[in-house]
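So the structure is just underneath, and the comments pick up after that.
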Amino acid sequence: MTSRILRPARAGHTARPRSAALLGARLPLVAAAVVAAGLCAACGPSSETVGSAAPTTASASAQALAAAAPSASASASTEASPSASASPSASATAGASSSPTPSRTQSGSAAPKPARTSAAPAPARVPGPGYDSSADAQKQIDAALAAAKADGRTVLLDFGANWCGNCKAADKVFAQPQTAAILGASYHLVKIDIGGNSSANSALLRKYSPSGGTYTMPVLVVVNSSGKVRTDTHATGNPSLTAEGINAFLRKWAS
C-alpha cells in the first residue's frame, strides 16, 4: 500500500475538498482499527499461540462441566432419595390400609347365644275334695314348704273336716277350672283333717292359728316358704265361699 504523508495546511491555503464517497469508504476501516487497538490494550498480550486458544477454551468448559456433573448428580440423588425411601413406606401403608380387617365371625368367635327364656313351672298338684285323716300332715307341710322355696310359690293350709258343710262348699270351688288354675300357679295346697281325734293335727292348727277359741271351718292359713303366717281366716274371717270370693282371696295373697 502506498502511504501518504499528511502535510500541515498552510496559512491561507484552502484544502481541496474530498469526495464524500472516499470518506465513507475509509471510516469503517478506521473504526475497526481503533476498536482492535483498544481491545489489545485492555486484555494484554496473550502467551498462548493463536491456534491453541480454542482448544484451551473447550477444555476448560469440559472440565467445568465434568466438575459440575458429580455435584448435580449428588444433588439429584439427595433429592430423589427421600422420594425413593418414602415409596416403600407408602406402599407398605397402602398395603396395610388395603388389607381387609377380619371380622369377629371370621376370627372364629362364637355366635351370640339366644337369650334364655325362663319357662313357667308346671302347675302344682291340687288335692281332691275331702280330708285324709290318715295322712301325716306335718310331713305334707314340710314338703310343701320345701317346694315353695324351690319354685317361689306360697303354701295354703286348709284345716277342715269331712262332715263340715262349709268345707264341702269350698271344695267345690277349688275344683272349678279358674280356681284350680290359680291354685296350681301360685300355691301348694295342703288339706289337714281336724274333724277326728288327731291331737297332732289339732296341734298344727294351734301352731299356725294361735288365737284359739272356737274355730269356724274351714280355716285357711297362707304361709310363705319360710313358714311365716301371712294371713289366717280364723282371725280375719272367711271370704265368701263362692268362686268370686275365694278367687279374690287367692289372688290377693298369691304374691
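The chain is numbered in sequence order, starting from 1.
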Can you tell if the side chain of L156 reaches within under 4.5 Å of the side chain of L250, non-hydrogen atoms only?
yes
Of all the heavy-atom pairs spanning A170 and P218, show the shortest one and how long it is.
CB-CG, 4.3 Å
Rounded distance (nearest 0.5 Å) linking atom OG of S202 with atom CD1 of I194
7.0 Å
Closest contact, heavy atoms only, G195 versus A161
CA-CB, 3.6 Å
Quick check against the 3.5 Å criterion: does T179 have a side-chain atom that pairs as donor or acceptor with the backbone of A175?
no
Under a 3.5 Å distance rule, please check whether S209 uses its side chain to pair with a backbone N or O of L205 as donor and acceptor.
no
Using the rule given for side chain to side chain donor-acceptor pair (under 3.5 Å), can you reason through Q140 versus D136, listing the C-alpha separation, both sets of side-chain angles and the distance that settles it, and then say yes or no?
CA-CA 6 Å; Q140 290 178 333; D136 186 342; over 6 Å; no
Enter the distance from R206:CZ to N201:CG here, rounded to the nearest 0.5 Å.
10.5 Å
Quick one: do Y187 and L241 end up in the same hydrophobic cluster if we chain Ile, Leu, Val, Met, Phe, Trp and Tyr together by side-chain heavy atoms under 4.5 Å apart?
yes
What distance do Q176 atom CD and L183 atom CG have between them, rounded to the nearest 0.5 Å?
11.0 Å
Within the side chain of R153, is there an N or O that forms a donor-acceptor pair under 3.5 Å with the backbone of A144?
no
Of all heavy-atom pairs between N224 and L145, which one has the smallest distance, and what is that distance?
O-CD2, 3.4 Å
Could you measure the distance from the CD1 atom of I182 to the CG atom of N247? Nearest 0.5 Å is fine.
4.0 Å
Report yes or no: do M217 and F249 belong to one cluster of Ile/Leu/Val/Met/Phe/Trp/Tyr joined by side chain heavy-atom distances under 4.5 Å?
no
Linked, directly or transitively: L220 and V155 (ILVMFWY side chains, under 4.5 Å)
no
So which atom in S226 and which in K149 form the shortest heavy-atom distance, rounded to 0.1 Å?
CA-CE, 4.5 Å
Keeping to residues at least two apart or across chains, list the ring-ring contact (aromatic ring centres under 6.0 Å, His included) pairs with something in residues 209-234.
Y215-H234
Quick check against the 3.5 Å criterion: does D193 have a side-chain atom that pairs as donor or acceptor with the backbone of Y131?
no
Specify the closest pair of heavy atoms between P239 and T233, including all atoms of both residues, with the distance to one decimal.
CD-CG2, 4.1 Å
Counting C-beta onward and ignoring hydrogens, is there a side-chain heavy-atom pair between T154 and S186 closer than 4.5 Å?
no
Mind checking whether V219 and V222 sit in one hydrophobic cluster, side chains of I, L, V, M, F, W, Y counted as touching below 4.5 Å?
no
Across all chains, not counting sequence neighbours, the salt bridge (charged side-chain N to carboxylate O under 4.0 Å, His left out) partners of D171 are K191
Is V229 reachable from I192 through a run of hydrophobic residues whose side-chain heavy atoms are each under 4.5 Å from the next?
yes
What distance separates F159 CZ from L204 CG, expressed to the nearest 0.5 Å?
6.0 Å
Which residues pass the ring-ring contact (aromatic ring centres under 6.0 Å, His included) test with Y208, sequence neighbours left out?
none
